[in-house]
Structure formats: structure tokens, C-alpha cells
Amino acid sequence: MITAERKPLEEIINCVKPFERILLVGCNECVTVCAAGGRKEVGIVSSALQMAFLKQGKNLQIKEHTLERQCDPEYVEELSTMITGVDAVVSMACGCGVQEVARRFKTVPVFPAVNTKFMGASERQGIWAERCQGCGDCLLGVTGGICPIARCSKQLLNGPCGGSGSGKCEISPDVDCAWHLIWERLKALGLQDRYEQIIPAKDWRTGRGGGPRKIIREDLAE
Amino acid sequence: MSDSGYKSGSNLEKVLKAGHFAFTGECGPPKGANVGHLKEKMEPLRDMVDAINVTDNQTAVVRMSSKAASALMVMAGLEPNFQMVCRDRNRIAIQSDILGASALGIRNMLCLSGDHQQFGNHPESKNVFDIDSIQLIAVAKKMRDEGKFINDEAIDEPPKIFIGAASNPFGDPWQFRAHRLANKIDAGADFIQTQCIYNMERFREFMKQAVDMGLTGKTHILAGVTPMKSAGMANYMAKFVPGMDVPQELIKRLKGVDKKMQAEEGIKFALEQIEEFKQMEGVAGVHLMAIEWEHRVPEIAERAGVLPRPKVD
């Protein structure tokens with residue numbers, strides 16, 4: 001999933017300061033799962049904003065709505081009836097959702113209320129970790145199901161570097177060495193031989209190296 | 001600023017500061033470690049120009065490093081304008097290269113974003129773009145004028161660099177271009193070299209806007225000229241080179257003469273442009289990019305009436 005964290009309240013308050021009526025929009029997908037921008041968080045931010053404005057003797061009208069998926073134009077369309085009379089939209093979705101709202105409603109300013117972080121997985125309750133950088137040419141089949149691009153600090157493809165120790169990365173004892181994990185995993189699978197094959201310089205065109213990406217499925221495109 | 005009152009004391013800075021109409025050239029380093037080849041390309045420019053731009057892996061094709069080629073020019077008694085792109089270096093390498101360039105006696109630097117690697121011979125590569133060209137200008141200025149790195153740490157001996165930036169008056173949205181130029185000047189660009197100009201009408205408008213905005217009093221703008229070698233080259237540039245504005249009339253004009261005479265017609269157009277730039281308000285000089293035509297520069301300089309080049313002490 002795409003993970004996110006709520007922005008500091010102060011920053012959100014600063015964005016909406018000039019306005020009197022806002023629409024606060026959550027998303028029922030990834031940001032709900034990582035407890036950053038779902039219905040519950042929309043309610044919390046709404047109350048916090050209202051309190052902050054009241055303290056300053058100002059009134060802020062907030063409409064709340066949580067879409068099924070904010071990155072999908074079909075659902076974003078739901079906002080068209082709610083947006084009338086609104087000065088600004090505050091989106092609690094990931095950057096994809098924020099941009100989809102901005103694309104649909106050209107004359108209303110849209111502000112993000114979360115910082116989109118990474119594609120990751122939940123390690124345990126309340127902890128998410130980066131797992132994928134969307135390089136567009138998955139290597140997991142040769143690296144034992146552990147991604148060195150997302151999880152090695154240097155993105156080494158023939159690691160580990162000389163800085164790893166006790167299974168940890170040189171940048172922090174809190175970061176696992178991805179290549180240590182890969183090696184352990186290959187050993188467990190009896191595939192140590194695979195490590196002897198040098199992975200050549202990667203073609204990054206399928207990733208961000210090729211510029212902004214797009215998928216076109218001829219069989220589905222209208 | 002140093003005791004002499006110059007920022008870097010480069011020949012280009014002295015010429016511009018003295019109010020002379022500047023004339024700069026360009027030289028693309030070879031696709032190899034061949035110093036002899038580099039010399040062949042740079043020698044024709046001796047005494048013809050005030051500084052020679054040394055391109056940095058232009059069009060994202062790997063060549064001898066621009067810093068090394070610039071240093072070879074310094075050793076040969078020529079003045080380089082070291083080009084640096086943001087595509088291939090993060091801020092650590094950028095600042096290190098600025099110090100290195102200064103240590104090697106390089107006194108001019110042109111700050112560029114860099115062509116995307118998709119256009120070059122290593123499209124599989126990642127790009128860096130840790131900072132952009134405007135930030136690069138600001139970094140170079142901060143290092144030189146404040147003696148500090150981007151992180152505010154002190155530099156023991158600041159680099160001496162005359163800072164240049166590029167401007168494309170023809171990129172879209174074109175009304176926005178003068179504002180981008182203003183940002184580059186605010187960031188610290190001492191001089192500007194423009195993209196190759198072919199659409200004179202558009203360029204006149206751009207310069208008027210720059211003069212009206214007061215930009216020409218804050219920096220030195222050198223107008224970019226690349227003589228067309230043929231109608232084919234004009235066609236190619238019109239169709240395939242990003243950000244290039246080649247009017248149909250120019251292509252027609254080149255097509256209108258015998259193939260053998262097209263290069264001469266291209267030079268004639270360039271000379272007409274240079275004559276107009278000499279008179280144009282706000283234009284401080286010409287940057288001649290004679291691509292793979294370095295040996296024709298002496299003839300063009302002679303016919304443009306820009307010789308001999310001024311000597312300023």
C-alpha cells in the first residue's frame with residue numbers, strides 16, 4: 001500500500017487560514033489502512049481545525065467527506081455536488097488523490113493534509129516499512145523476495161557493501177542490511193549459487209529514469 | 001569580491017565589465033581521452049573569442065569531462081567557460097567540482113539543468129537532479145561570496161568563479177521565460193547565454209521585456225548564435241531539438257540557394273543577426289555555438305567585425 005503520515009496541524013492551519021468554508025476529503029483506501037487519512041482521521045482533523053479557529057475567534061465551516069478511492073475519477077466526481085460554495089479543499093489522501101481532485105476541480109485550491117511516504121507493508125501494529133520503489137522491472141525473483149532497490153540504502157545490486165555489520169546497515173542500527181537478509185534467504189532456499197551471478201547495470205527506463213510513467217492497457221482503454 | 005573589484009577576474013568578466021561587446025565560443029570535448037582531438041577543436045578559437053564554453057556531456061552523450069577539458073584549456077593558455085549540468089551530480093559532487101574547477105584555474109562556469117538522458121547514448125541511466133539550475137547558481141554564488149557550502153559550513157578558500165546561466169527565450173510558455181530569467185539573475189547569474197536564436201521577432205520581444213523589467217542592468221546577456229550549415233540542419237533543428245524555434249522563412253531562405261551555397265547563406269544570416277545584436281538594447285555580446293564547425297570561427301569572427309578581441313588588464 002501507499003503509506004502516509006498526517007502533516008503537523010500547524011501546517012494545515014496555515015494553509016486554510018485565509019478561508020471560511022472548506023471541504024475536508026478523506027480516502028477509504030491505503031491512507032485508511034495506515035491510519036493517516038481515513039474517515040476517522042478526517043473527523044479528528046476537522047475537530048482540531050475548528051478548535052484552533054475558535055480559539056482565534058474565527059469560524060471555519062467544514063464539510064467532511066471520505067471517498068471510496070480518491071485516485072479514481074469515478075469517485076472524485078461525487079465531490080461535484082459538495083464543492084459548491086467551498087473556498088478550498090483539504091485532501092487527506094496520498095499525493096495521487098490530491099492531484100486527482102485538483103485535476104477535476106480547476107478553480108478551487110487543494111491542499112494536502114498528509115505527507116505521502118512510500119509503498120510499504122505493515123511490519124506489526126503501528127509500524128510500516130518501505131518495500132517497493134516501483135522500478136518497473138521486478139528483481140524479487142532473483143533476490144530471494146527481498147528488494148535491494150527499496151531496502152538497501154545504496155540500492156546496490158551486488159551487495160552488501162563494506163559498511164554492513166551484524167546484519168545492520170551502516171546508516172543506522174535500526175535498519176536491516178537488505179543484502180544480509182537476501183543472503184540468509186538464499187541460503188535457506190539452497191540458492192547461494194545465485195549470488196555468484198553478477199547483476200549487470202540496471203535499465204532504469206522502466207523506473208523514474210524514463211520520466212513520468214503511464215500504463216496503457218489497450219484491451220481496457222476506452 | 002576580491003581586492004581587484006572582480007568576482008573571479010576572468011577575461012570574460014573583465015571584457016563585460018569594461019563595456020565591450022563580448023564574443024564567446026564553444027567547444028564540445030571528444031568522445032574519448034584524445035587530447036590531440038580536443039586541441040584541434042580548441043586551437044582555432046584562440047584570440048577569436050573571450051571565453052570558450054566547454055560542454056558537459058551535451059545531449060547526454062558521454063564525452064571527456066568538461067572539467068578536465070576546461071583544465072586542459074587553461075594549461076594551453078585559453079579561457080574556458082566550464083559548463084556544469086545537474087543531471088549527473090548530487091550537491092556533494094557539484095560543490096566538490098566547483099572547488100576543483102577553481103583550483104585548476106577555471107574562472108567561468110555555466111550552470112545548466114542538462115538534457116534528459118533519454119536523448120543520449122545511455123538512456124538506461126538514472127538521473128540525479130538533486131538540485132536544479134537555479135539552485136546551482138545560488139550554490140556557486142554562496143560558495144564564492146559567502147565562503148560557505150550549501151549547508152552553511154565554512155570553506156577555507158572560496159572558489160573564484162564568474163557565474164553564468166542559460167536562457168531559452170523560445171521555450172513554452174514563452175511569456176514566462178523572462179520571469180525565469182529574472183529568477184536566475186536573482187539567484188546570482190553574472191552573465192546569461194541564450195539558446196540559439198533564429199526567430200528574431202520573438203527575441204526582440206523577449207529583450208524588450210527583459211529591458212522593461214530592468215534585468216539587463218543586473219546581468220550581461222549574450223545572444224546565442226549557431227550558423228546553419230544547410231537547410232537539412234535547419235529542418236532537423238526545427239523538428240527534433242527541444243525548445244528550438246526555427247521559423248519556416250529561414251528554412252525557405254536556405255532552400256532557396258544552391259546546396260553548395262547553403263552553408264554560406266547560413267553564415268550570412270548569422271552575420272546579419274550579430275549586426276542587429278550589436279545595436280540591440282540590453283544585448284552585451286554574442287555567444288557563437290559553431291557546432292562541429294570550430295575551424296570556421298575565425299572567418300565568422302573576422303566577417304562579423306569583432307576582431308581583434310579587446311585586452312583588458
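We name chains A, B, ... by the order of the sequence lines, and we start the count at 1 in each one. From a predicted model like this one, the values you see are computed outputs, not experimental measurements.
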Donor-acceptor table for chain A and chain B, threshold 3.5 Å:
unit_1   : atom_1 : unit_2   : atom_2 : d
A/Gln155 : OE1    : B/Lys126 : NZ     : 2.3
A/Trp204 : N      : B/Glu124 : O      : 2.7
A/Gly209 : O      : B/His116 : NE2    : 3.4
A/Gly209 : O      : B/Gln117 : NE2    : 2.8

How about [X]: does its [atom1] atom have over 12 heavy atoms from other parts shown lying under 6.0 Å from it?
X: A/Leu220; atom1: CG; value: yes
X: A/Leu189; atom1: CG; value: yes
X: A/Ile198; atom1: CD1; value: no
X: A/Arg21; atom1: CZ; value: yes
X: A/Lys168; atom1: NZ; value: yes

Listed partners of A/Arg103 passing side-chain hydrogen bond (donor to acceptor under 3.5 Å, both in side chains), at least two apart: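 Scan of A/Arg103 (side-chain hydrogen bond (donor to acceptor under 3.5 Å, both in side chains), adjacent residues dropped) gives A/Glu100.
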